[in-house]
Amino acid sequence: MEHPHVGVMTLHFQVYGCETLRDKKRVFSPMRRIWGREPDLAVAEIADQDDPGLATWSVVTTGPDPRLLQHRLQEVEKAILERIDAPILDTQVDID
């Protein structure tokens, strides 16, 4: 049996109009509500938790084919762009 590959996509967001961490939590609530419930994904805010103007989230998936992982993470990034009201400053994808 071939070992599974792991794909990690880290997204750095600029958050406008959030004065409090509660405001920021509302903006990013779909991250857990939508993508956190997908059976092949795990999501977590990994940095900037105390800054209402920035957010850094990672989305992780696993599978046997790195190309499929890349495609899946691209689909997720596109969906995030459509649903999260914060521009993405930078995206990093690592597949091992």
Side-chain angles (χ1 to χ4, degrees):
M1 176 182 234
E2 192 175 321
H3 80 282
H5 296 275
V6 177
V8 179
M9 176 174 63
T10 302
L11 304 157
H12 302 276
F13 295 91
Q14 177 71 53
V15 186
Y16 296 111
C18 291
E19 296 180 17
T20 66
L21 296 176
R22 181 175 281 179
D23 294 338
K24 179 175 138 177
K25 186 176 179 177
R26 268 186 243 120
V27 169
F28 288 95
S29 65
M31 291 295 287
R32 283 196 180 93
R33 189 179 73 242
I34 297 169
W35 298 285
R37 291 187 179 165
E38 292 286 325
D40 64 331
L41 300 176
V43 298
E45 185 175 13
I46 62 162
D48 304 311
Q49 290 97 336
D50 296 330
D51 187 341
L54 295 172
T56 302
W57 285 77
S58 283
V59 179
V60 180
T61 188
T62 64
D65 186 342
R67 291 171 297 161
L68 293 176
L69 297 180
Q70 180 75 31
H71 180 70
R72 176 67 169 132
L73 291 173
Q74 287 172 340
E75 288 178 338
V76 171
E77 181 180 16
K78 182 179 175 187
I80 288 171
L81 283 168
E82 294 172 357
R83 293 210 168 159
I84 300 295
D85 188 22
I88 297 173
L89 300 173
D90 183 50
T91 302
Q92 297 170 332
V93 176
D94 295 308
I95 298 178
D96 295 322

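The basis for the numbers below is simple: all heavy atoms, side chains too, and nothing from hydrogens, waters or symmetry mates. Values in this document were obtained by computation on a predicted structure and should not be read as measured data.
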Could you tell me which residues satisfy salt bridge (charged side-chain N to carboxylate O under 4.0 Å, His left out) with D23, sequence neighbours excluded, listed by chain and number? R26

Test item: H5 and L68 side chains (from C-beta on) under 4.5 Å apart, heavy atoms: no

Where is the tightest heavy-atom contact between P30 and W35, given as atom of each residue plus distance? O-CE3, 3.4 Å

Please identify each residue that fulfils side chain to side chain donor-acceptor pair (under 3.5 Å) with Q14, with sequence neighbours left out. none

Following the transitive rule for hydrophobic clusters with a side-chain heavy-atom cut-off under 4.5 Å over Ile, Leu, Val, Met, Phe, Trp and Tyr, establish whether V27 and W57 coincide in one cluster. yes

Counterpart residues, salt bridge (charged side-chain N to carboxylate O under 4.0 Å, His left out), relative to E77 (two or more places apart): none

CG/L73 to CG/L41 distance, rounded to the nearest 0.5 angstrom? 7.5 Å

Can you hop from V93 to L69 via hydrophobic side chains spaced under 4.5 Å? yes

Could you tell me which residues satisfy salt bridge (charged side-chain N to carboxylate O under 4.0 Å, His left out) with D51, sequence neighbours excluded, listed by chain and number? none

State the CD-OG1 distance between E75 and T61, to the nearest 0.5 angstrom. 10.5 Å

Could you measure the distance from the CD1 atom of I46 to the OG1 atom of T10? Nearest 0.5 Å is fine. 4.5 Å

Determine the interplanar angle of the F28 and F13 rings, folded into 0 to 90°, and report it as parallel if under 30°, tilted if 30 to 60°, perpendicular if over 60°. perpendicular

Spacing of T91 atom OG1 and L81 atom CG [to the nearest 0.5 Å]: 7.5 Å

How long is the gap from CG on L21 to CD on Q49, to the nearest 0.5 Å? 9.5 Å

One pair to check against side-chain contact (heavy atoms from CB on, under 4.5 Å): L54 and H12. What are the steps and the verdict? CA-CA 7 Å; L54 295 172; H12 302 276; over 6 Å; no

Quick one: list whatever passes salt bridge (charged side-chain N to carboxylate O under 4.0 Å, His left out) with R67, sequence neighbours left out. D65

Got a second to check how far K25's NZ is from M31's CE, nearest 0.5 Å? 14.5 Å

Would you say I34 ends up clustered with V60 if hydrophobic residues are merged whenever their side chains have heavy atoms under 4.5 Å apart, either directly or through other cluster members? no

If you look only at pairs with a residue in residues 80-96, which of them pass as a salt bridge (Lys or Arg N to Asp or Glu O under 4.0 Å), with sequence neighbours excluded? none

